[in-house]
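The block underneath contains the structure these notes are about, expressed in structure tokens.
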Amino acid sequence: MPAAKKKLASFKTLPAFQLEMLAALVASRNELRHQRRFGLRSVECHVLGIVGAQAPISLRRLCAELGLDKSHGSRLVARLQERGLLERCDDPADKRSFYLLLTPQGADMHARIHADAVERNAEWLDGLPAARRGVFLECVAQLTTHSQAMLAREEAASGQPAAPRQETGDGIETRGLLLVERAKLQQLHEQLAALLARG
């Protein structure tokens, strides 16, 4: 009779896995909502968010902010130009370069997407009792700073160049309202799960 196999621990019990599943649920809902309300994919909304916050912005910087390769970023920009939401402005110092700006229609769309993001986040936080929301947001801020330091150490240990970081509020707002960064998610899990498990 074969020896009984040892039961492997389930990933479902790990706070990291639970938070990744939560992020996937949020992202899936956001994707459906962006398409229904604006006729845009989430990544296209992110492009408008970044351009709206940082314009004029180069394609290279936009791609770095989104973690996209240049060809994918170019296709996104082209689609948004066809929709009349983005425009290109040639760089007078370098004829091969250009900057991106929102058109008036794009600025209106940006405002609508931002307002919807604020509404979505408020609705999402309704899942927590009001007395616990402040603690949750403080934990997110603290763990974000901690996660950035952990990522920098991991990049150094693996010989990877440091990824560009946005230290201003715009970067956090753009990504936080519309998209949860994977690098930050990885580090939030354990403490947040413990916090949310408290009765």
Side-chain angles (χ1 to χ4, degrees), residues 15 18-57 61-63 65-68 73 76-77 79-87 100-145 147-148 165-189 191-193 195-198:
Q18 293 172 21
L19 194 51
E20 286 172 5
M21 294 301 97
L22 172 60
L25 287 171
V26 172
S28 295
R29 190 259 178 141
N30 290 351
E31 186 69 40
L32 291 171
R33 183 160 168 142
H34 289 146
Q35 291 184 12
R36 177 173 59 85
R37 291 201 167 188
F38 310 115
L40 295 170
R41 294 165 48 210
S42 287
V43 68
E44 292 169 331
C45 292
H46 303 155
V47 168
L48 294 178
I50 290 171
V51 175
Q54 301 185 39
I57 184 171
R61 177 68 184 271
L62 175 67
C63 290
E65 289 283 326
L66 289 168
L68 300 174
L76 288 171
V77 166
R79 282 202 296 268
L80 293 169
Q81 281 184 274
E82 289 172 9
R83 290 269 314 252
L85 302 173
L86 284 184
E87 63 180 334
L100 296 167
L101 302 165
L102 296 178
T103 64
Q105 183 181 349
D108 178 67
M109 180 68 80
H110 175 267
R112 290 170 55 206
I113 290 169
H114 185 273
D116 183 69
V118 171
E119 181 183 319
R120 278 189 290 107
N121 276 255
E123 183 182 2
W124 185 66
L125 285 173
D126 280 345
L128 286 176
R132 296 166 73 179
R133 292 174 200 164
V135 176
F136 170 78
L137 295 173
E138 286 177 16
C139 286
V140 170
Q142 291 173 13
L143 286 169
T144 295
T145 300
S147 299
Q148 289 169 337
R165 306 276 192 278
Q166 176 92 14
E167 300 297 336
T168 67
D170 285 338
I172 293 170
E173 176 181 311
T174 299
R175 292 179 176 180
L177 288 173
L178 301 174
L179 172 73
V180 181
E181 287 185 82
R182 287 185 185 276
K184 292 176 183 175
L185 267 180
Q186 301 287 324
Q187 313 305 324
L188 291 173
H189 313 320
Q191 292 182 34
L192 286 178
L195 170 69
L196 298 174
R198 287 184 201 156

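The figures here come from the full heavy-atom set of this structure, side chains too, leaving out hydrogens, waters and symmetry mates.
In this structure, Trp124 CH2 and Asn30 CG are separated by 10.5 Å, a value rounded to the nearest 0.5 Å. To the nearest 0.5 Å, the span separating SG on Cys139 from CZ on Arg132 amounts to 11.0 Å. Separating the CG atom in Leu48 from the CZ atom in Phe38 is a distance of 10.0 Å, to the nearest 0.5 Å. The CG atom of Leu62 sits 8.0 Å away from atom CG of Leu76, with the distance rounded to the nearest 0.5 Å. Rounded to the nearest 0.5 angstrom, Cys45 SG and Met109 CE are separated by 7.5 Å. The structure places CG of Leu40 at 9.0 Å from CZ of Arg112, a figure rounded to the nearest 0.5 Å.
For the pairing with Ile57, the side-chain contact (heavy atoms from CB on, under 4.5 Å) check across Leu101, Val47, Leu100 returns one residue only, Leu100. Results of the side-chain contact (heavy atoms from CB on, under 4.5 Å) test with Leu80 over Thr103, Leu86, Leu102 single out Leu86 as the only residue that passes.
Residues satisfying the side chain to side chain donor-acceptor pair (under 3.5 Å) criterion with Glu44, sequence neighbours excluded, are Arg79. Ser28 is linked by a side-chain contact (heavy atoms from CB on, under 4.5 Å) to nothing, counting only residues two or more places apart in sequence or in another chain. Taking Glu123 as the reference, Arg29 meet the side chain to side chain donor-acceptor pair (under 3.5 Å) condition, with sequence neighbours excluded. Shown here are the side chain to side chain donor-acceptor pair (under 3.5 Å) partners of Glu31, two or more places apart in sequence or in another chain: Gln35, Ser42. Annotation: side chain to side chain donor-acceptor pair (under 3.5 Å) contacts of Arg33 (sequence neighbours excluded): Asp116, Glu119. Scored by the side-chain contact (heavy atoms from CB on, under 4.5 Å) test, Leu32 finds no partners at all (sequence neighbours excluded).
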>> side chain to side chain contact (heavy atoms under 4.5 Å, CB included), that's the test. Do Val118 and His114 meet it? Break it down for me.
In response: CA-CA 6 Å; Val118 171; His114 185 273; 3.7 Å; yes
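In terms of heavy-atom proximity, Arg133 sits nearest to Leu125 at NE-O, 3.0 Å. A pairwise comparison of heavy atoms in Cys63 and Gly73 identifies SG-CA, 3.8 Å as the closest pair.
Using a 4.5 Å heavy-atom threshold, the side chains of Gln81 and Glu87 count as separate.
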